[in-house]
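Input: a single structure, listed below in structure tokens.
Ligands are counted one by one from 1 in listed order, and the atoms in each one are counted from 1 as well.
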Amino acid sequence: MKPLIGITTNFMMGEIGHLAGQERYFLEEDYVRAIEKSGGTCILFPHTSDVENFAKYLELVDGVVLSGGIDINPMFYGDEPLEKTGYFNTKKDFFDVELTKKAMQNHVPILGISRGIQVINVALGGTLYQDVCYKGENVLKHFQESKRGDKSHCITIEAGSWLHSIMGEEKVFVNSFHHQAIKDLGKGLKVVAQSADGIIEAVELEGETFVAGVQWNPECMVDEHKEQLAIFESFIKACSE
Ligand SMILES: [Mn+2]
């Protein structure tokens, strides 16, 4: 039977006409396509404040994808908001972080993508750069203005890591659509890829079958780059076991 993957949804506020002020859940279709292409099937997780529902969600699925999206309220990692922090939604943050903690307790495989790698880090007590410019000078452009599937900056992958065995190379070009990044690493996490400016681009949680995160968006690259599809195939395989 195909593994069932629960994907967290993004949030938007309707801005015009009769939809103004209406809160909506949504997800880019690339996530669903990438999972289906890798042999899985999906359901979406709307965020909720009802903690009892988190356990119910997790009972249903074989794995969780934490999808990309808006910023995380810095209060979740014990920080005050700086000038360059963007739009956040505290209810969604609470849901994503608590769901992730619960999924880890239950040993459910987790793939964090973009915002998702940051959620994994925060759930494990780590912190974020509220904007990559706060890391200092000479930081690369991490929010590309080209199309979603385009390669942007290079990453160096740790030899012998899970990501290395999946992607097969130590130097890979990835897309980049983030302005925040991991600062202090959460408990048990190991850095498995970095860009040339030292920004953390991939992590794994030691001792777990599959709790990992990538800072780029592989779901947008699966049609043209098989090493990106391999990330999802490896995740789906872990969810099948
Ligand atoms: Mn990047």
Listed pairs under 3.5 Å, donor-acceptor, residues 124-136 side chains, sequence neighbours left out:
unit_1, atom_1, unit_2, atom_2, d
Thr127, OG1, Asp184, N, 3.0
Thr127, OG1, Asp184, OD2, 2.9
Gln130, OE1, Leu82, N, 2.7
Gln130, OE1, Thr85, OG1, 2.5
Gln130, NE2, Asp79, OD2, 3.4
Gln130, NE2, Glu80, O, 2.8
Asp131, OD1, Cys133, N, 2.9
Asp131, OD2, His179, ND1, 2.8
Tyr134, OH, Lys84, N, 3.1
Lys135, NZ, Asp197, O, 3.2

Query - Side chains of Lys102 and Leu58 in contact at under 4.5 Å (non-hydrogen atoms) - result: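 With C-beta onward as the side chain, the pair touches.
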Query raised in the report: If you look at His142, which of its N/O/S atoms is nearest to the Mn ion (ligand 1)?
Result: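 The Mn ion (ligand 1) is closest to the His142 atom ND1, counting only N, O or S.
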Query raised in the report: Glu201: which N/O/S atom is nearest the Mn ion (ligand 1)?
Result: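 This residue's closest N, O or S atom turns out to be OE2.
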Requested in this report: For the residue pair Phe95 and His47, categorise the inter-ring angle as parallel (less than 30°), tilted (30 to 60°) or perpendicular (more than 60°).
Outcome: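 It falls in the tilted class, 30° to 60°.
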Query raised in the report: Is the distance between the Mn ion (ligand 1) and the nearest N/O/S atom of Gln215 smaller than 2.8 Å?
Result: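 So Gln215 does not bind the Mn ion (ligand 1) by this criterion.
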Query raised in the report: Do other residues, nucleotides or ligands put more than 12 heavy atoms under 6.0 Å from Lys226 NZ?
Result: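 No, NZ of Lys226 has 12 or fewer neighbouring heavy atoms, counting only those of other groups under 6.0 Å.
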